[in-house]
Amino acid sequence: MTDRRVSAESAAGEEKTALAWTHTARFLTTASELHQLPPTELPEIAFVGRSNAGKSTAINTLTQQKRLAFASKTPGRTQHINLFELGPKTSPDALFADLPGYGYAAVARGAKLRWQKVMADYLEVRRSLAGVVLLVDARLGFTELDRQLLDFIAPRVGNGAVKLLVLLTKADKLNRKEARDKLSEVQALLGDMATEEADVGVALFSALDKTGVGDAATVLHGWTR
Ligand code: GDP
């Protein structure tokens, strides 16, 4: 076998293992205040993004569960942090945290501010936070609120404590050139965060045609090993 074929096969194996792992996700708990989150030694990966960016769909696609992340959309739970546990049931090895989408126009100002504070605090102080997946609609690119979020996490990403993966969602809606251009545009913007220690990635993602699903699972799995 050629080296290239061997490495392609090992990458496929890695992806399969990673997907089998993301598929183990199950609901753990929900919290509206930070202090209600269980303290944990497990590495936690937070999913964040503007409302309608495709966050629930991405989580459901990665975990291959139709309604897992839609728990966060039930009225009354939209401002909650939902935790999912991964790995063997008897010895879980990671958590996914689904954070409420931001920027939803119909949310009252007071609730918005409260939520922004919860989000900022979570990203700043959650000790077990190992990585952040930022979902961004590929057609829109970064919005002002996405930039604010990046500012919140920049210190911890810069010193390598927290890893960052930006997924450009709904990539099926872009043609090849648009996708390439958007990818370089976002890469350039993230360049500001690049330090020696920083682990920052960006990829196209589509729940519809499955672009980037295996790669994203591989990255997240890698973060928790
Ligand atoms: P959230 O508010 O960030 O959780 O967003 P949702 O996951 O609810 O998605 C918002 C809208 O975008 C829904 O109408 C989804 O069907 C649509 N959507 C999400 N992912 C994709 C995708 O990969 N491709 C396409 N074409 N539409 C998507």
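As a basis for the values below, the full set of heavy atoms in this structure was taken, side chains included, without hydrogen atoms, waters or symmetry mates. When a ligand or atom number is given, it counts from 1 through the structure's own listing order.
Put simply, CG on L134 and CG on L165 are 9.0 Å apart, with the number rounded to the nearest 0.5 Å. Remark: L149 CG to M119 CE distance equals 5.0 Å, nearest 0.5 Å.
The proximity of D172 to ligand 1, defined as any non-hydrogen pair under 4.0 Å, is limited to the side chain.
Below 3.5 Å of separation, one finds no N or O of K173 facing any N or O of ligand 1. At under 3.5 Å, a nitrogen or oxygen of K55, whether backbone or side chain, sits near a nitrogen or oxygen of ligand 1. Ligand 1 has no N or O atom lying under 3.5 Å from any N or O atom of F205, backbone or side chain. Between G54 and ligand 1, an N or O atom pair is found at a separation short of 3.5 Å.
Below 4.0 Å from some heavy atom of L208 lie the following atoms of ligand 1, by number and element: 23 (O), 24 (N). Residue A207 has at least one heavy-atom neighbour below 4.0 Å for each of these atoms of ligand 1: 22 (C), 23 (O).
Under a 4.0 Å heavy-atom criterion, G49 is not in contact with ligand 1. Residue contacts with ligand 1 include S206, since one of its heavy atoms falls under 4.0 Å from the ligand.
Counting only heavy atoms from C-beta outward, the side chains of F96 and N82 never approach each other to under 4.5 Å.
Between D151 and R147 no salt bridge is recorded (no basic side-chain N to carboxylate O distance below 4.0 Å).
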Donor-acceptor pairs under 3.5 Å, side chain of residues 187-200 to any protein atom, not counting sequence neighbours: which ones?
unit_1, atom_1, unit_2, atom_2, d
T195, OG1, G158, O, 2.6
T195, OG1, E197, N, 3.4
T195, OG1, A198, N, 3.1

*Start with the C-alpha distance between K55 and D98, add both sets of side-chain angles, then the distance that settles salt bridge (Lys or Arg N to Asp or Glu O under 4.0 Å), and finish with yes or no.*
CA-CA 8 Å; K55 178 165 59 68; D98 181 14; 2.5 Å; yes
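For residues 214-225, the pairs satisfying salt bridge (charged side-chain N to carboxylate O under 4.0 Å, His left out) are D93-R225, with sequence neighbours left out.
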